[in-house]
Amino acid sequence: MSYAEAAASGPPQSAEEPVPEIIPTESSVESLVDVDSGVTVVPSDFEEQDIKTETQAIRLDLEAEAAEEAEEARQREIEEGEKKLKEAAPKPKKEQKEKAKKAASTVKSYAEIPVVALNGVIGALAAVSLGYGAYRKHSAGQLSWKMVGLWSAGVAAVAGADFAISTWLYQNYPPAAGKKDDDDE
């Protein structure tokens, strides 16, 4: 059934019933937000004005405030950076020379201990051999995560054994007593 058929089947409307008319009044329009009952006249130089609306003026003020805040933040960052640079400035040459001399003597004293020297040689050989082996496997297309994991487990086992042997050697054959006395002074 269509709308027209449904309306036709309803009670008949007599010609005597008046149809209500909508008469606009000022009070009926006042509640609407978009309707402005007054006419606003703008000055003739309106198009030449830089700021045409209050919203535009507020936006420009906010942008100016944001620019000032950004400039202040940038100045603070510059000051903090300069402060950090001054703190990280190089030390006088005398202090640097003494520090380098001390580090060199420490390295030299450790290099004279056979266990430390042997550990250095073993570490270097292990790094070179693992790097070369990994390169060969990669070139052949045979390098996988499983193989890397197995090699890592092997490195861990060798490092553990090296630690145990080094500890045993230090306990049973300590470095010369004269070297310890030189380090204490």
Side-chain angles (χ1 to χ4, degrees), residues 33-34 47 49-185:
V33 176
D34 293 342
E47 289 296 322
Q49 292 179 355
D50 291 335
I51 301 172
K52 295 182 173 76
T53 64
E54 289 179 17
T55 306
Q56 190 178 22
I58 292 170
R59 179 182 56 85
L60 291 174
D61 288 342
L62 290 175
E63 287 176 355
E65 288 176 13
E68 287 176 14
E69 290 175 5
E71 180 63 25
E72 290 173 4
R74 190 176 71 79
Q75 287 297 329
R76 280 193 303 266
E77 287 179 8
I78 289 172
E79 290 170 2
E80 289 173 5
E82 289 174 352
K83 185 178 178 182
K84 287 180 182 179
L85 281 175
K86 286 179 183 177
E87 291 173 359
K91 298 176 183 175
K93 288 185 178 184
K94 186 176 182 181
E95 289 180 21
Q96 288 178 343
K97 285 182 180 180
E98 289 175 6
K99 193 174 182 180
K101 194 178 226 183
K102 184 177 178 183
S105 67
T106 303
V107 169
K108 191 174 185 180
S109 67
Y110 280 126
E112 292 174 356
I113 301 172
V115 175
V116 174
L118 183 62
N119 281 342
V121 170
I122 290 172
L125 288 174
V128 169
S129 62
L130 283 174
Y132 180 70
Y135 171 74
R136 283 187 35 201
K137 291 292 185 181
H138 175 70
S139 296
Q142 297 173 346
L143 185 63
S144 67
W145 284 110
K146 182 178 179 181
M147 183 172 295
V148 171
L150 290 173
W151 286 5
S152 298
V155 168
V158 169
D162 180 56
F163 174 75
I165 293 169
S166 297
T167 304
W168 181 82
L169 287 173
Y170 266 118
Q171 290 173 351
N172 294 330
Y173 304 103
K179 295 291 180 188
K180 285 186 180 180
D181 291 339
D182 289 342
D183 290 342
D184 291 340
E185 293 177 8

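Fair warning: this is a prediction, and the values are worked out from it, not measured in the lab.
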Revision key, fill the gap. Correct closest heavy-atom pair for A134 and L143 would be O-CD2, 4.1 Å

Exercise for review: Hey, could you give me the NZ/CD distance between K84 and E77, rounded to the nearest 0.5 Å?
Suggested key: 9.5 Å

**Study point:** L169 CG to N119 CG distance, which is reported to the nearest 0.5 Å
**Key:** 9.0 Å

Point to revise | Short N-O contact, R59 and E63, less than 4.0 angstrom | key: yes

**Study point:** Short side-chain donor-acceptor distance under 3.5 Å, E71 and Q75
**Key:** yes

Check your understanding: If you measure from CD on E65 to CD on E69, what distance do you get to the nearest 0.5 Å?
Key -> 7.0 Å

Review point. Is there side-chain contact between Y170 and I113, with at least one heavy-atom pair below 4.5 Å?
Key: yes

Check your understanding: Is the backbone N or O of F163 less than 3.5 Å from a side-chain atom of S166, with the two atoms forming a donor-acceptor pair by type?
Key -> no

**Study point:** Between OG1 on residue T106 and NZ on residue K101, distance to nearest 0.5 Å
**Key:** 13.0 Å

